[in-house]
There are 2 protein chains.
Amino acid sequence: MDAALKALAEPRRREIVRLVWSEELPATAIAARFSEVTRSAISQHLGILREAGLVHERKEGTRRLYRSNHHEMARLRAYLDDYWTTGLERLRDVAEAAEAQRESRDGRTDT
Amino acid sequence: MDAALKALAEPRRREIVRLVWSEELPATAIAARFSEVTRSAISQHLGILREAGLVHERKEGTRRLYRSNHHEMARLRAYLDDYWTTGLERLRDVAEAAEAQRESRDGRTDT
DNA sequence: TACTAACGTAAGTGTCAACTGACAGAGAGG
DNA sequence: CCTCTCTGTCAGTTGACACTTACGTTAGTA
């Protein structure tokens, strides 16, 4: 899960995931979209994405077709949603409520 | 924006943001929560988070109080939400609709 | 002034990541 | 078999990053 987030922190890889989201594409076709880097670099990016479980790989003859792993992407999204809400907003509410209680009860506290 | 995502790809920094989400804390207090690394490391993490605009810094005497920048966090969240929906799901819908049209029109296509 | 607490920061190190260029294997077609 | 295409991978370079140690700075205090 941590690997997935780290993988998507790279703009190039976010773009790759975007490319193969709705279309299954061979490695060469994916690499062709990136004129700034070599095919080798894209191949390595694909390896990282596959390792992180963000893309699926399917062999067909001499080609390897890639497509996004929607399920894993959904998991990552859920993880982040949990981070925003449970981890932060809700924590803030709890803290504020607790502080309000402390203030109205003791007027001062620590820890 | 990209710096923010990259900053949050680091687990330690995610934890820091969590710590100062509801409470404004001095650097020392934050560092005290992390027994595995030195105060210097945390200070550098705080610098990166500040650079990415994810935390606010306020000087008070000899101390520096930190707290999360909710606004920037919301922006990042919106950016990701846009990535999931507009960038992916919607794109998939469009692609699937187009493919369905192609199939019912030609019966077969490539590229 | 001298001392101390709270910080940031420079310097140095080990590790990891992105990239290029060269090479190897696998499958298709002559 | 030979050749061409598609593709992963290895070797090597460069730069970024997380971390530690040491030092400098600033503000409060005796």
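Proteins get letters first, then strands, A, B, ... in listed order; numbering begins at 1 in each.
- B/Arg77 is listed as a side-chain neighbour of A/Thr85, based on a closest heavy-atom distance under 4.5 Å.
- A heavy-atom distance below 4.5 Å is found between the side chains of B/His70 and B/Trp21.
- The separation between A/Arg58 atom CZ and D/dC6 atom P is 17 Å, rounded to whole Å.
- Rounded to whole Å, atom P of D/dA16 lies 8 Å from atom NZ of B/Lys6.
- Of all the residues in residues 46-54 of chain B, B/Ile48 reach under 4.0 Å from DNA chain D with at least one non-hydrogen atom.
- Under a cut-off of 6.0 angstrom, the local environment of CZ in A/Arg50 is crowded, with over 12 non-hydrogen atoms contributed by other residues, nucleotides or ligands.
- Hydrophobic clustering (ILVMFWY, side-chain heavy atoms < 4.5 Å, transitive): B/Ile48 and B/Val37 are in distinct clusters.
- OP1 or OP2 of C/dC7 has not a single side-chain nitrogen or oxygen of B/Tyr66 nearer than 4.0 Å.
- Applying the 6.0 Å contact sphere to CD of A/Glu51 captures no more than 12 heavy atoms from other residues, nucleotides or ligands.
- Rounded to a whole Å, the CD atom of B/Glu57 is 15 Å from the P atom of D/dT26.
- Connection of A/Leu65 to A/Leu46 is not established within any shared hydrophobic cluster, with ILVMFWY side chains joined at heavy-atom distances below 4.5 Å, either directly or through further cluster members.
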Note to self: So if I define the base as every atom that isn't primed, P, OP1 or OP2, how would nucleotides 19-30 of chain C read as a B/S/- string at a heavy-atom cutoff under 4.0 Å?
What the structure shows: BBB-----SS--
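- A donor-acceptor contact shorter than 3.5 Å is absent between the side chain of A/His45 and the backbone of A/Ala7.
- Note on A/Phe34: nothing from the nucleic acid sits closer than 4.0 angstrom, heavy atoms only.
- If you take CZ of B/Arg64 and P of C/dC7, they are 9 Å apart, rounded to a whole angstrom.
- To the nearest angstrom, C1' of D/dA18 lies 16 Å from CG of B/Leu8.
- Under the 3.5 Å distance criterion, the side-chain polar atoms of A/Tyr66 are left unmatched by any main-chain donor or acceptor of A/Ile16.
- Ionic pairing of A/Arg12 and A/Glu15 is not present here: no N-O contact between side-chain nitrogen and carboxylate oxygen is shorter than 4.0 angstrom.
- Computed from coordinates, the A/Asp2 CG to C/dC16 C1' distance equals 15 Å when rounded to whole Å.
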